[in-house]
Amino acid sequence: MRVSRLFTKTSKNAPADEVSKNAQLLIRAGFVYKVMAGVYAYTPLGLRVLENIKRIVREEMNAIQGQELIMTNLQPKELWEVTTRWDDKVVDVWFKTRLKDETEVGLAWSHEEPIMEMMRQYIESYKDLPVSVYQFQTKLRNELRAKSGIMRGREFVMKDMYSLHADAKDLEDYYNKVIEAYKRIYNRLGIGDDTYVTFASGGAFTKFSHEFQTICEAGEDVLYIHRGKNIAVNEEVLDEAIRELGVKKDELEKVKSAEVGNIFNFGTEKSMQMDILITDHQGKRQPLYLASYGIGITRVMGVIVEKFADDKGIVWPESVAPFTVYLAPLGESTDVIAEADDLYKALTTAGVAVLYDDRTVARAGEKFADADLLGIPYRIVISDKTVASKQLELKPRTESHTQLMDRESVIKKLAPTPPRLL
RNA sequence: CGGGGUGUGGCGCAGUUGGCUAGCGCGCCGCGUUUGGGACGCGGAGGUCGAAGGUUCAAGUCCUUUCACCCCGACCA
């Protein structure tokens, strides 16, 4: 992509109505556009990041036999009445509306009931299980107060997966597989080292649910962690969990964190509530077992910005960066332009995502500042100097020194390894 | 939902105790000079001051209502 053609622009001024670091930087750099409080649109730059995050999640979900689908945002009221969750006193984040004929419908804040209802039609016997489905969907939640930029909006993208099983043991095994898949996801997203599987409250049907929490100053949760033992407990359930785990409170370190994933074991509760039964080996009708697994895609994006940004701007991990390289020719000499055009073509052909700053009017400082603000992992400079020496100047976003390399080495270094097939 | 705060060109801001054609920085357009960390000069475009109502000879400025946005708290499968 050429910078001259990208419709978004960077800005030196941060918007006054945003305080959170993630929103300020994402807006200044042109990744998101604020539509209203807690509601953000994603520009081509922002969408590339979201898609990169989704790709990683998708690969890992597929690897554990998740099947991707997509549900709807309009949901029938009756479904939710069965589980008492249509009631605003039970679920206080509903957006509700009506069809022209006055039929009440809800706007998806979750898809648990609708997914189960759909499964009713396909799952009749233990032979149809297990099954695991997931989607990337927009959730609409009428939060009293939006805050923290894209980390807690009224409209956001979530990956939610649901697994159905014939018995508790099968669910348990799969649940543990998902935990491992989630760990791989957070590692690949670059936040693995600071992300903990956390004991949290899970309502009546699970003793504890598991949250995935990433240490992050901008987060809303408080965690007590033991780095050595890899233990983390949400403050909400500290006393119970300490008893359960046999650790002392004063061994634990208190940190702020953001929830980046949450998994629940519903057991047979939802199945019984909704009367979705399967036939077992003996031909008897039995409730099935359900678990759900969420990852806040847009929230993860915000957490990554919060965690890695420096005083110059965003710092994307290579795995989610919208582009791998920021290519900045300096000056207007025809040799420089020709070399840059050529390299742009060569890198693109090699599968490297390049943001090519082809603006001839922009000065060096402007290009460098944009490269930094945008958080592109590598910057390549081409100038009269580099052309003369037949080298390229490469600088990782996180380092202050540049290094001279020849073109072949640069391409070799930056070209992606082929993805594993799933 | 309780408390606090803010709305003035695309963005960030200033506008004295009400007073004359509403300014500044960034950005934008044109011309020229520049060109390794956000250049400079000259010339331009762009605002019914969130909205509605009121007070006044006169309202960005005062009053009322309302909307939006932000922060703290509460809330948060």
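So you know, we letter chains A, B, ... as the sequences are listed, proteins then strands, and number each from 1.
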> Rounded to the Å, how far apart are A:Asp372 CG and B:G37 C1'?
9 Å
> Find the distance A:Arg141:CZ to B:C76:C1' and express it as a whole number of Å.
9 Å
> Taking the minimum atom-to-atom distance to the side chain of A:Glu143, which one of B:C75, B:A77, B:C11 wins?
B:C75
> So, are A:Lys385 and A:Glu393 salt-bridged, with charged N and O less than 4.0 Å apart?
no
> Is A:Lys385 touching bases, backbone alone, or none of the nucleic acid, heavy atoms closer than 4.0 Å?
base
> Measure from CD on A:Gln213 to P on B:A77 and round the result to the nearest Å.
12 Å
> Hey, does A:Ala364 reach any base, or is it just sugar-phosphate, or nothing, if we go heavy atoms under 4.0 Å?
sugar-phosphate
> For the base of B:G2, is there a side-chain donor-acceptor partner from A:Arg145 under 3.5 Å away?
no
> 5'-most contact on RNA chain B: A:Gly38 or A:Lys12, nearest heavy atom basis?
A:Lys12
> Charged N to carboxylate O under 4.0 angstrom, A:Glu180 versus A:Lys177?
no
> Check the distance between B:C76's P and A:Arg152's CZ and give it to me in whole angstrom.
9 Å
> Distance check, P atoms only: B:A22 and B:U61, in whole angstrom units.
14 Å
> When the distance from CG of A:Asp92 to C1' of B:A77 is rounded to whole Å, what number comes out?
11 Å
> Using the rule for Phe, Tyr, His and the six-membered ring of Trp, do A:Phe368 and B:G38 stack at under 5.5 Å and under 30°?
no
> What interatomic distance, in whole Å, is found between C1' of B:U16 and the corresponding atom of B:G30?
38 Å
> Let me know, please, whether A:Lys9 or A:Ala37 comes out on the 5' side of the other along RNA chain B by nearest nucleotide.
A:Lys9
> At under 4.0 Å between heavy atoms, what does A:Val381 touch on the DNA or RNA strands: base, sugar-phosphate, or nothing?
base
> Whole angstrom is fine here: how far is it from CG in A:Asn22 over to P in B:C70?
13 Å
> For B:C20, give the paired nucleotide (Watson-Crick: N1-N3 plus N6-O4 or O6-N4; G-U: N1-O2 and O6-N3; both under 3.5 Å), or none.
none
> Just name whichever nucleotide pairs with B:C11, Watson-Crick or G-U, keeping both distances under 3.5 Å, else none.
B:G25
> Only pairs with both distances under 3.5 Å count, Watson-Crick or wobble alike; so what is the partner of B:G73 in this structure?
B:C1
> Provide the distance between the two P atoms, one in B:G5 and one in B:G44, to the nearest whole Å.
43 Å
> Run the salt-bridge test on A:Arg184 and A:Glu59 with the 4.0 Å N-O cut-off and return the result as yes or no.
no
> Aromatic contact between A:His210 and A:Tyr182, with the criterion being ring centroids under 6.0 Å apart: yes or no?
no
> Rounding to a whole Å, what distance do you find between A:Asn265:CG and B:A77:P?
17 Å
> Using a heavy-atom cut-off of 4.0 Å across all strands, would you classify A:Glu393 as base, sugar-phosphate, or nothing?
base
> Name the closest nucleotide to the A:Val19 side chain, picking from B:C26, B:C70, B:A77.
B:C70
> Taking the basic N atoms (NZ, or NE/NH1/NH2) and the acidic carboxylate oxygens, is any pair closer than 4.0 Å for A:Arg243 and A:Asp239?
no
> Quick one: look up who B:A68 pairs with, Watson-Crick or G-U, both distances under 3.5 Å, and put none if it's unpaired.
B:U6
> Please determine if a side-chain N or O atom of A:Arg363 lies less than 4.0 Å away from the OP1 or OP2 oxygen of B:A39.
yes
> Mind checking the C1' distance from B:G60 to B:C24? Whole angstroms is fine.
16 Å
> Please give, in whole Å, the distance from B:G38 P to A:Arg379 CZ?
12 Å
> State whether A:Lys34 places a side-chain N or O below 4.0 Å from either non-bridging phosphate oxygen (OP1 or OP2) of B:C70.
yes
> If B:C40 has a Watson-Crick or G-U wobble mate with both distances under 3.5 Å, name it; if not, just say none.
B:G32
> Considering only atom C1', compute the distance from B:C57 to B:G18 and round it to an integer number of Å.
12 Å
> What distance, rounded to whole Å, do you find between the two C1' atoms, one in B:U48 and one in B:G9?
13 Å
> Considering only the C1' atoms, how many Å lie between B:U55 and B:G12, rounded to the nearest integer?
33 Å
> Regarding A:Asp310 and A:Arg397, does a basic nitrogen lie under 4.0 Å from an acidic carboxylate oxygen?
yes
> Tell me the partner of B:C49, counting only Watson-Crick (N1-N3 plus N6-O4 or O6-N4) or G-U wobble (N1-O2 and O6-N3) with both under 3.5 Å; none if nothing fits.
none
> If the plane angle is over 60° it's perpendicular, under 30° parallel, otherwise tilted; pick one for A:Tyr174 and A:Tyr293.
perpendicular
> Counting distance alone, no hydrogens or angles: does the base of B:G7 have a donor or acceptor under 3.5 Å from a partner atom on the side chain of A:Asp17?
no
> What I want to check is whether an N or O donor and acceptor connect the side chain of A:Asp370 with the base of B:G38 at under 3.5 Å.
yes
> Considering only the C1' atoms, how many Å lie between B:U8 and B:C69, rounded to the nearest integer?
15 Å
> Under 4.0 Å between a Lys/Arg side-chain N and an Asp/Glu carboxylate O for A:Glu51 and A:Arg48?
no
